[in-house]
Each structure stands twice: as structure tokens, then as C-alpha cells.
Amino acid sequence: MAKLPQMADTDLDAVISFLRSDHPLVAADPTPDVPSQPSLLTKLLCQVAWKPFPLPTKEILRPTGEDPVALGKYLAINLDCFSCHSADFKTNNYLEPESSPGYFAGGNQPLDHQGRVMNTPNLTPDKATGIGNWTEAQFIRAVKYGEKEGETALVFPMIPYVQLTDEEVGAIFRYLQTIPAIEQQVERSVYD
Ligand code: HEC
């Protein structure tokens with residue numbers, strides 16, 4: 001479950017409006033919910049490790065496209081890119097993402113549909129181990145369509161972000177070029 005305490009008020013309003021709409025994806029459905037049955041440990045962790053975040057004290061604004069780096073930062077955080085692409089879900093700092101250990105240097109290990117570890121790549125501007133030598137066009141193709149030159153397509157849990165515009169993905173790229181480069185080689189997880 002994504003944790004998005006930095007999401008702008010207008011985006012959150014839009015999500016709620018969509019969920020309450022008659023759109024076929026979310027239209028009312030009489031199928032009863034399957035009640036969740038958290039274990040005692042989960043309940044305990046909800047009180048300790050996964051405590052709710054403090055409520056925001058002022059409106060959170062959504063950056064406009066006029067400042068691509070600010071927009072890119074907003075998207076890189078609120079589309080949860082940082083969460084998978086930093087060191088570890090357990091050490092991510094969701095209130096101050098940039099203070100997370102290994103911010104965007106990859107090495108986190110989400111699982112694929114078969115439960116196999118999928119190492120996340122380093123997206124910092126390090127030239128040898130990150131995306132310091134990538135062009136904006138290469139980045140857009142990878143993020144929107146999963147395409148990587150000379151390699152097999154990117155696979156789950158990296159999903160193709162086809163709904164994003166080139167300007168939005170380009171803004172994420174521009175932001176990532178401004179963050180501290182971290183040298184960390186991450187091997188790609190490849191299974192037959
Ligand atoms: C659920 C975890 C997850 C999220 C969220 C996620 N990624 Fe990824 N991403 C991955 C994994 C895992 C890979 C490697 C996939 C593979 O090896 O086929 C990857 C690969 C990539 C690559 C290829 C880099 C390379 O060196 O090969 C780029 C670029 C990328 N992600 C950008 C993004 C951006 C931008 C976002 C947010 C819009 C994002 N990712 C969100 C897990 C994630």
C-alpha cells in the first residue's frame with residue numbers, strides 16, 4: 001500500500017471524486033467485501049511501526065509545469081517511484097523522502113508475481129551505475145513503454161506508465177538529474 005503524505009490537496013480531491021463517480025471501474029457493486037483479518041502481529045505493528053502520519057497543517061499545493069524540476073520531484077515522490085527505487089521500504093522516510101537512505105540509488109527488493117526478488121535499479125545521476133548517461137528520450141521510453149535498448153523489456157513490478165505525458169516523465173528525469181549521485185551497482189534480476 002502506497003504511503004503518500006505529500007500528495008497535493010487537489011490531487012487527493014480528484015482521487016476521491018473519481019472513486020465516488022459512476023465510472024465503470026468504480027461503479028457501485030453489490031459484491032460483499034472480503035473482510036481483512038490482520039494477525040495480532042500486524043495489529044501490533046500498526047500501533048508501532050506503521051503509525052498514521054501527522055495530519056498536514058497547511059494546504060499542500062501541486063507544482064505547475066512551469067518549473068519542471070519541482071513538478072518532477074512531486075511526481076517522483078507521489079507516483080511512489082522513490083519508494084521502490086530507494087534502499088528499502090523499511091528505511092524509507094515518507095515524510096521527508098529525500099532523507100531516505102540510498103534515495104533513488106536502487107537495491108530495494110520488491111517481489112514479482114511469482115514471489116521472486118526484483119532488484120530495483122539505481123536512478124541517481126551516477127554515470128557508471130545510475131542513469132547519468134541516459135538521455136531524456138531513453139528515460140521516457142523506459143518509463144512509459146518498458147523499453148530498454150539492447151535489453152529485454154522491463155517487467156513487473158515496474159509497470160509501463162502509459163498515462164503520463166512525455167512532459168511529466170521528462171520532468172521526473174530532469175529532477176532525477178539534480179539529486180546526489182550515489183555509486184551503487186545493482187544487478188538486474190533476470191529469470192527464464
Ligand atoms: C513497485 C516498485 C516500483 C515502482 C513504484 C517504480 N519502479 Fe521503476 N523499476 C522497478 C523495478 C523492479 C525495475 C527493474 C525491472 C526489470 O529489471 O525488468 C524498475 C526499472 C525502472 C527503470 C529502468 C532503469 C534501468 O537502469 O534499467 C526506470 C527508468 C524506472 N524504473 C523508473 C521509474 C519511475 C520514473 C517510477 C515512477 C513513475 C518507477 N520507476 C516506479 C520497480 C518500481
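Residue indices begin at 1 and follow the sequence shown. Note that ligands are numbered from 1 as they come in the structure, with each ligand's atoms numbered from 1 the same way.
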Novice: How far is atom 27 (O) of ligand 1 from its nearest protein heavy atom, and which residue and atom name does that atom have?
Specialist: K148 NZ, 2.7 Å

Novice: Between N119 and E187, do the side chains contain a donor N or O and an acceptor N or O under 3.5 Å apart?
Specialist: no

Novice: Pick one of side chain, backbone, both or neither for how W134 approaches ligand 1, counting any non-hydrogen atom pair under 4.0 Å.
Specialist: side chain

Novice: Ligand 1 and N122, any nitrogen or oxygen pair closer than 3.5 angstrom?
Specialist: no

Novice: Are the charged groups of K3 and D80 less than 4.0 angstrom apart, N to O?
Specialist: no

Novice: For ligand 1, which atoms have a heavy atom of D80 less than 4.0 angstrom away?
Specialist: 5 (C)

Novice: Would F82 and Y175 count as a close aromatic pair, with their ring centres under 6.0 Å?
Specialist: no

Novice: Is the shortest heavy-atom distance from the side chain of S189 to the side chain of R116 under 4.5 Å?
Specialist: no

Novice: Under a 4.5 Å cut-off applied to non-hydrogen side-chain atoms, are V169 and Y161 in contact?
Specialist: no

Novice: Within a distance under 4.0 Å of any heavy atom of F139, pick out the atoms of ligand 1 and give their elements.
Specialist: 29 (C), 35 (C)

Novice: Scan the side chains in residues 52-65 for donor-acceptor partners under 3.5 Å anywhere in the protein, sequence neighbours excluded, and list what turns up.
Specialist:
residue: R62; atom: NE; partner: D11; partner atom: OD1; Å: 3.0
residue: R62; atom: NE; partner: D11; partner atom: OD2; Å: 2.9
residue: T64; atom: OG1; partner: E66; partner atom: N; Å: 3.4

Novice: What protein heavy atom sits nearest atom 41 (C) of ligand 1, and how far away is it?
Specialist: Y161 OH, 3.4 Å

Novice: Please walk me through it: do Y94 and S83 pass side chain to side chain donor-acceptor pair (under 3.5 Å)?
Specialist: CA-CA 8 Å; Y94 291 92; S83 172; 3.1 Å; yes

Novice: Would you mind reporting whether I179 and L123 have side-chain heavy atoms less than 4.5 Å apart?
Specialist: no

Novice: How close does the nearest protein non-hydrogen atom get to atom 17 (O) of ligand 1, and which residue and atom is it?
Specialist: R188 NE, 2.8 Å

Novice: Looking only at side-chain N and O atoms, does D126 offer a donor or acceptor that is under 3.5 Å from a partner on T129?
Specialist: yes

Novice: Where is the nearest protein heavy atom to atom 15 (C) of ligand 1: which residue, which atom, and how far?
Specialist: V155 O, 3.7 Å

Novice: Do the non-hydrogen side-chain atoms of K148 and L154 ever get within less than 4.5 Å of each other?
Specialist: yes

Novice: Report, in ascending order of atom number, the atoms of ligand 1 lying under 4.0 Å from any heavy atom of N119.
Specialist: 12 (C), 14 (C)

Novice: If we only look closer than 2.8 Å, how many protein N, O or S atoms does atom 8 (Fe) of ligand 1 have near it?
Specialist: 2

